[in-house]
Amino acid sequence: MNKVRVRFAPSPTGALHIGGVRTALYNYLFAKQHGGDLIFRIEDTDSHRFVPGAEDYILESFKWLGITFDEGVSFGGKYGPYRQSERKDIYKKYVQQLLDNDKAYIAFDTPEQLDAKRTETANFQYDASTRLQMTNSLTLSKDEVEKRIAAGEQYVVRFKIEPGEEVTVHDLIRGDVHINSSILDDKVLYKSVDNLPTYHLANIVDDHLMEVSHVIRGEEWLPSAPLHVLLYRAFGWEETMPQFAHLSLLLKPDGNGKLSKRDGDRLGFPVFPLEWHDPKTGEVSSGYRESGYLPEAVINFLALLGWNPGNDQEIMSMDELIKLFNLEKCSKSGAKFDYEKGKHFNHLYLQKKSDAELAVFVQQKLDERNISAAPQKIEMAVAAMKERATFTKDLWDLCSFFFIAPTEFNEKDVQKRWKEDTHRLLSELLPVLASIPNFDDAEATEETVKAWCEAKGYGLGNVMNPFRLTLVGEMKGPQMFQITKILGKTEVIKRLKFALETIH
RNA sequence: GGCGGUUUAGUCUAGUGGCCUAGGACGCGGCCCUCUCACGGCUGAAACCCGGGUUCGAUUCCCGGAUCCGCUACCA
C-alpha cells in the first residue's frame with residue numbers, strides 16, 4: 001500500500017464545530033496509526049462565506065487539543081499551496097482539460113433563470129434530460145459561446161454526466177454503495193464570477209495532486225461520493241483514487257437533526273472547542289477550553305462518539321487511541337451528543353491530574369483577588385476537594401472557603417444544625433481546641449476532640465455539624481479535621497469565635 | 001417528492017444462528033460508607049423497530065414495511 005495521506009479540509013466560515021473536531025481526530029488517529037501524514041487544507045472557494053479569523057481559530061483549537069498536522073496551511077509542505085483560493089491557476093487548467101475532452105460544458109443560464117425554471121417545473125434538474133433546453137455550449141454555436149465570453153458574460157462550467165450508469169462507491173465503513181448516474185445533476189464545477197471552482201472540482205483535483213490516500217469525512221458527503229468517483233474517472237485518475245470512509249453525524253441530544261450551535265445555546269453546553277467571537281454578529285459562543293474542560297477528556301469523549309475499540313474499555317489516551325482506532329469499527333448510525341457523558345469524562349481526567357497541576361487554577365483566582373497563600377496550603381486544599389470537581393473552574397468554588405473566611409452562614413443549614421445548646425457546646429469546645437499545640441496532626445486533633453465529646457457525653461453530630469458551619473459557612477467540605485489542619489489553629493479559633501458572636 | 005444511508009434500554013454502545021437469563025458506560029432510583037457535601041462500593045429499573053420467510057432454533061440470515069438521518073445550490 002502507498003503511504004497513507006489524509007486531510008482535514010475545513011471551510012473558514014466560522015468556528016470549528018465539535019463534529020468537525022471529531023472528523024479531524026479520526027483522520028489524525030488513522031494517519032498516526034499508519035505512519036502517514038495529516039494535511040491541513042483550507043477550502044475557501046466560497047468567497048461570500050469567508051470569515052476572517054476562522055483559520056487562526058481552527059489552528060489554535062487543534063493546538064489546544066493536541067492534534068498535530070504534518071503539512072498544510074501554516075505547516076508548509078511540498079504539495080502547496082494548501083489554501084484553495086491560492087490554487088486558481090491549477091483548477092483553471094484542469095477545468096480546461098475536462099472541457100477539451102467533452103466531459104464538461106459551459107453554461108450561461110443565470111441564477112435567476114434557473115430559479116424560474118425550478119419554480120416552473122417541479123423537481124427540475126439540470127441533467128442529460130434537460131440540458132439541451134438550456135443556454136449552454138451544447139445548444140449554442142461555438143462562435144456564439146466565444147462571443148458571449150468575449151463580451152464578458154458570466155458563465156459556469158458544468159460536469160456532463162452520462163445517464164444510466166450504475167456507479168459504485170466502496171466505503172470503508174458502509175461497504176459498497178450503488179447509485180445510478182441518472183439521478184445526479186450536471187454539477188457546477190467552476191464559476192467565472194470569481195474564477196474559482198466549487199467544492200467538488202477543487203476537492204478532487206487537490207486530493208489527487210496531494211496524493212491523498214483516504215478520504216475520511218462526514219456522512220453529508222455520501223450522496224455526492226458517486227459524483228466524485230465520476231470526476232476521478234473523467235480525469236483518468238481512477239487507478240489512484242483515494243478510498244472513502246463516511247462518518248456518521250453527531251446529532252442533537254434531544255429531538256431530531258444534526259447537532260448545531262443553537263443546540264449548545266439552548267441546552268447549555270459548548271459546541272466549539274474554544275470560545276468564539278463572531279466578527280460579523282459580535283456574538284460570543286462558549287468553548288470547551290473556557291468552560292473548564294481538559295483537552296484529553298474532550299478527545300477521549302469525542303473518540304467514543306461513533307467509534308469503540310470493540311470491548312469495554314472507555315478510558316484511552318491519545319497514544320492508546322492511535323493504537324486501537326479502526327475505521328471498520330466506526331458506527332454507521334448517527335450519535336446523539338451526550339453532554340452528560342462528556343462531563344463524566346472530564347471528571348475522570350481531572351482526578352488524574354496532580355494536586356500541583358490543579359493548584360494553578362486556584363492560584364489564579366487568589367491572584368485576581370490579591371490573596372496570598374502558601375503553595376503548600378493551596379495544594380492541600382485542592383487535594384481535599386478535587387474529587388468533587390468536574391471542571392477546572394469548579395476548583396475555586398470548592399476551595400475558596402479555605403482562603404476566605406465566611407462572613408455569613410447558610411440560613412437553612414443554621415436552622416437545621418444550630419440547636420438550643422449549640423452555642424454552649426461550641427463555647428466549651430474553644431478551650432479544648434486551644435489546649436492543642438497545633439492542628440498539623442489531623443488524627444491527634446480528632447482524638448482529642450472526640451475524647452472530650454465522649455467524656456462530656458455530647459453527641460458527635462451535635463458538635464461536628466455546627467462546628468463545620470462555623471468554619472465553612474455551610475454544610476459542605478471534607479472531613480472536619482482535614483479542614484482544621486489546612487486552616488491552622490489561629491484561623492480555626494478566629495472563625496469559631498466570629499460565628500459564636502454572629503449566629504444566634 | 002426523489003435518491004442514499006441507518007435501526008440493541010432515555011443516551012453512547014458490545015455481541016452472537018443455540019454460550020444471551022442480551023454485556024459495559026453515562027444518566028436515573030435504592031442501600032452502604034459518614035460529622036456535612038461529595039467521591040467510592042454494592043444494587044435496582046430499563047433495549048434486540050415491525051411483519052413475513054429460511055431454520056430444530058433468529059436479536060443475529062433473506063424479503064417487505066416503518067423510523068430516523070443526510071443529500072437534492074453558481075455552500076461546503
Side-chain angles (χ1 to χ4, degrees), chain A residues 9-13 43-46 48-49 107 109-111 114-115 118 122-123 125-126 154-158 169 171 173-175 177-180 182-185 187-194 196-200 202-203 217-226 246 248-249 251-254 256-258 301 304-315 329 331-345 347 351 385-389 398 413 416-417 446 449-450 453 459-469 472 474-481 483:
Chain A
S11 218
T13 54
E43 308 217 330
D44 52 352
T45 53
D46 184 358
H48 302 291
R49 298 209 306 155
D109 318 271
T110 64
L114 289 171
D115 278 348
R118 286 186 186 108
N123 297 328
Q125 184 166 282
Y126 208 124
Q154 299 299 351
Y155 64 91
V156 297
V157 174
R158 283 182 183 272
V169 179
D171 186 280
I173 296 172
R174 293 153 204 281
V177 176
H178 310 279
I179 206 169
N180 194 291
S182 298
I183 65 117
L184 262 20
D185 66 333
K187 273 273 173 296
V188 170
L189 300 178
Y190 191 82
K191 43 211 158 57
S192 67
V193 230
D194 48 14
L196 242 24
T198 60
Y199 169 85
H200 304 288
N203 181 68
R217 65 199 344 177
E219 193 184 357
E220 69 267 31
W221 294 111
L222 191 54
S224 48
H246 290 92
S248 59
L249 267 21
L251 273 19
K252 294 179 195 299
D254 59 348
N256 307 324
K258 61 176 175 181
F301 167 55
L304 247 21
L305 227 43
W307 170 83
N308 72 84
N311 55 37
D312 289 343
Q313 190 181 2
E314 287 205 323
I315 306 304
K329 295 234 47 122
S331 57
K332 301 183 189 75
S333 55
K336 285 190 179 173
F337 192 76
D338 185 2
Y339 184 62
E340 286 302 322
K341 190 142 185 178
K343 279 158 76 169
H344 169 73
F345 272 100
H347 178 258
Q351 304 316 310
M385 302 304 288
K386 73 172 178 185
E387 64 190 21
R388 293 159 170 76
L398 255 14
D413 290 336
K416 191 174 175 193
R417 307 291 183 181
E446 180 170 4
V449 174
K450 279 189 174 171
C453 281
L460 199 60
N462 289 336
V463 175
M464 300 304 270
N465 287 326
F467 184 28
R468 173 180 299 278
L469 207 44
V472 183
E474 55 187 329
M475 296 308 292
K476 284 183 183 169
Q479 210 263 349
M480 274 309 289
F481 299 100
I483 298 179

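Values below: all heavy atoms of this structure, side chains included; hydrogens, waters and symmetry mates excluded. These numbers come from a predicted model, not from an experiment.
Of the candidates A76(B), U11(B), C71(B), U11(B) carries the atom nearest the Lys336(A) side chain, counting heavy atoms from C-beta on. If you check C12(B), C74(B), G5(B) against the side chain of Arg118(A), the one that comes closest is C74(B). Taking the side chain of Asn123(A) as heavy atoms from C-beta on, and the options G1(B), C12(B), C35(B), the nearest nucleotide is G1(B). Considering only side-chain atoms of Tyr199(A), the nucleotide from G24(B), C74(B), A76(B) that sits closest is A76(B). Comparing G23(B), C75(B), C26(B) by their closest approach to the side chain of Arg49(A) singles out C75(B). When distances run from any side-chain atom of Arg417(A) to the nucleotides C75(B), U36(B), C69(B), the shortest one goes to U36(B). With distances taken from any side-chain atom of Glu387(A) to the nucleotides A76(B), A38(B), G24(B), the minimum falls on A38(B). When each of C71(B), C3(B), G27(B) is scored by its nearest atom to the side-chain atoms of Pro223(A), the top-ranked nucleotide is C71(B). Closest approach to the Glu220(A) side chain among U6(B), C3(B), A76(B) is made by A76(B) (side chain taken as heavy atoms from C-beta onward). Relative to the side chain of Met475(A), the nucleotides C35(B), G15(B), U36(B) differ in distance, and U36(B) lies closest.
For A46(B) and G57(B), the P atoms lie 29 Å apart once the distance is rounded to whole Å. Atom C1' of A45(B) sits at a distance of 29 Å from the matching atom of U6(B), rounded to the whole Å. Annotation: C68(B) and C49(B) have their P atoms spaced 15 Å apart (nearest Å). The same atom, C1', is picked in C50(B) and in A58(B); the two are 15 Å apart, to the nearest Å. With both ends at atom C1', the span from U60(B) to A47(B) equals 15 Å, rounded to whole Å. Look at the C1' atom in both G15(B) and A9(B): the space between them is 15 Å, to the nearest Å. Comparing C74(B) with G51(B), their P atoms are spaced 45 Å from each other, to the whole Å. Going from the C1' atom of C39(B) to that of U21(B) covers 33 Å, rounded to whole Å.
Proximity of Arg468(A) to the phosphate of C37(B): no side-chain N or O atom is located under 4.0 Å from OP1 or OP2. Residue Asn308(A) places at least one side-chain N or O under 4.0 Å from the OP1 or OP2 atom of A14(B). Checking the phosphate oxygens (OP1, OP2) of U13(B), a side-chain nitrogen or oxygen of Ser331(A) falls inside 4.0 Å. For G15(B), one of the phosphate oxygens OP1 or OP2 lies less than 4.0 angstrom from a side-chain nitrogen or oxygen of Lys329(A).
Distance, Leu249(A) CG to U7(B) P: 14 Å, rounded to whole Å. As rounded to whole Å, 10 Å separates atom P of C74(B) from atom NZ of Lys191(A). Look at NZ on Lys252(A): it is 15 Å from P on C68(B), rounded to the nearest Å. Rounded to whole Å, the distance from CZ on Phe345(A) to C1' on G27(B) is 14 Å. One can place CG of Asp185(A) at 13 Å from P of C75(B), the figure rounded to the nearest angstrom. Lys343(A) has its NZ atom 16 Å from the C1' atom of A25(B), to the nearest Å. Lys332(A) places its NZ atom 16 Å from the C1' atom of C68(B), with the value rounded to the nearest Å. If you measure from atom NZ of Lys416(A) to atom P of C37(B), you get 7 Å, rounded to the nearest angstrom.
Both distances falling under 3.5 Å, in either a Watson-Crick or a G-U wobble arrangement, place C61(B) opposite G53(B). The nucleotide C26(B) finds its pairing partner in G10(B), both defining distances of the Watson-Crick or G-U wobble pair being shorter than 3.5 Å. The partner of A73(B) cannot be assigned: no Watson-Crick or G-U wobble pair with both contacts below 3.5 Å exists in any strand. Here U67(B) sits opposite no nucleotide as a Watson-Crick or G-U wobble pair (both hydrogen-bonding atom distances under 3.5 Å).
Within 4.0 Å of Asp338(A), counting heavy atoms only, lies at least one base atom of the nucleic acid. Heavy atoms of Gly342(A) sit nowhere under 4.0 angstrom from any nucleic acid atom. Within 4.0 Å (heavy atoms only), Glu314(A) reaches at least one base atom of the nucleic acid. No contact: Gly218(A) has no heavy atom under 4.0 Å from any strand. At the heavy-atom level, Asn462(A) lies nowhere under 4.0 Å from the strands shown. Within the 4.0 angstrom heavy-atom criterion, base atoms lie near Val156(A). Within the nucleic acid shown, His178(A) comes within 4.0 Å of sugar-phosphate atoms alone, with no base atom in reach, counting heavy atoms only. Contact annotation for Val472(A): no contact, since no heavy-atom pair falls under 4.0 Å across all strands.
Side chains of Asp109(A) and Tyr126(A): a donor-acceptor N/O pair is present below 3.5 angstrom, by distance only. Under the 3.5 Å distance criterion, with hydrogens and angles disregarded, a donor-acceptor pair is assigned to the side chains of Ser192(A) and Gln154(A).
Nucleotides of RNA chain B nearest to Thr45(A) and Ala389(A) differ in position, and the one nearer the 5' end is that of Ala389(A). Nearest-nucleotide positions on RNA chain B place Ile173(A) closer to the 5' end than the other of Pro478(A) and Ile173(A).
The two residues His246(A) and Leu222(A) have their closest heavy-atom pair at ND1-CD1, 3.4 Å. The two residues Asp413(A) and Leu469(A) have their closest heavy-atom pair at CB-CD1, 3.7 Å. Listed here is the closest heavy atom pair of Leu305(A) and Ala335(A): CG-CB, 4.3 Å. Contact record, Arg217(A) with Ala225(A): NH1-CB, 4.2 Å, taken as the closest heavy-atom pair. Listed here is the closest heavy atom pair of Lys386(A) and Gln351(A): O-NE2, 3.1 Å.
Electrostatic pairing of Asp115(A) and Arg118(A) counts as a salt bridge here, judged by a charged N lying under 4.0 Å from a carboxylate O.
Side-chain atoms of Arg388(A) and base atoms of C37(B) include a donor and an acceptor less than 3.5 Å apart.
Aromatic ring orientation, His200(A) versus Trp221(A): perpendicular (interplanar angle above 60°, classes split at 30° and 60°).
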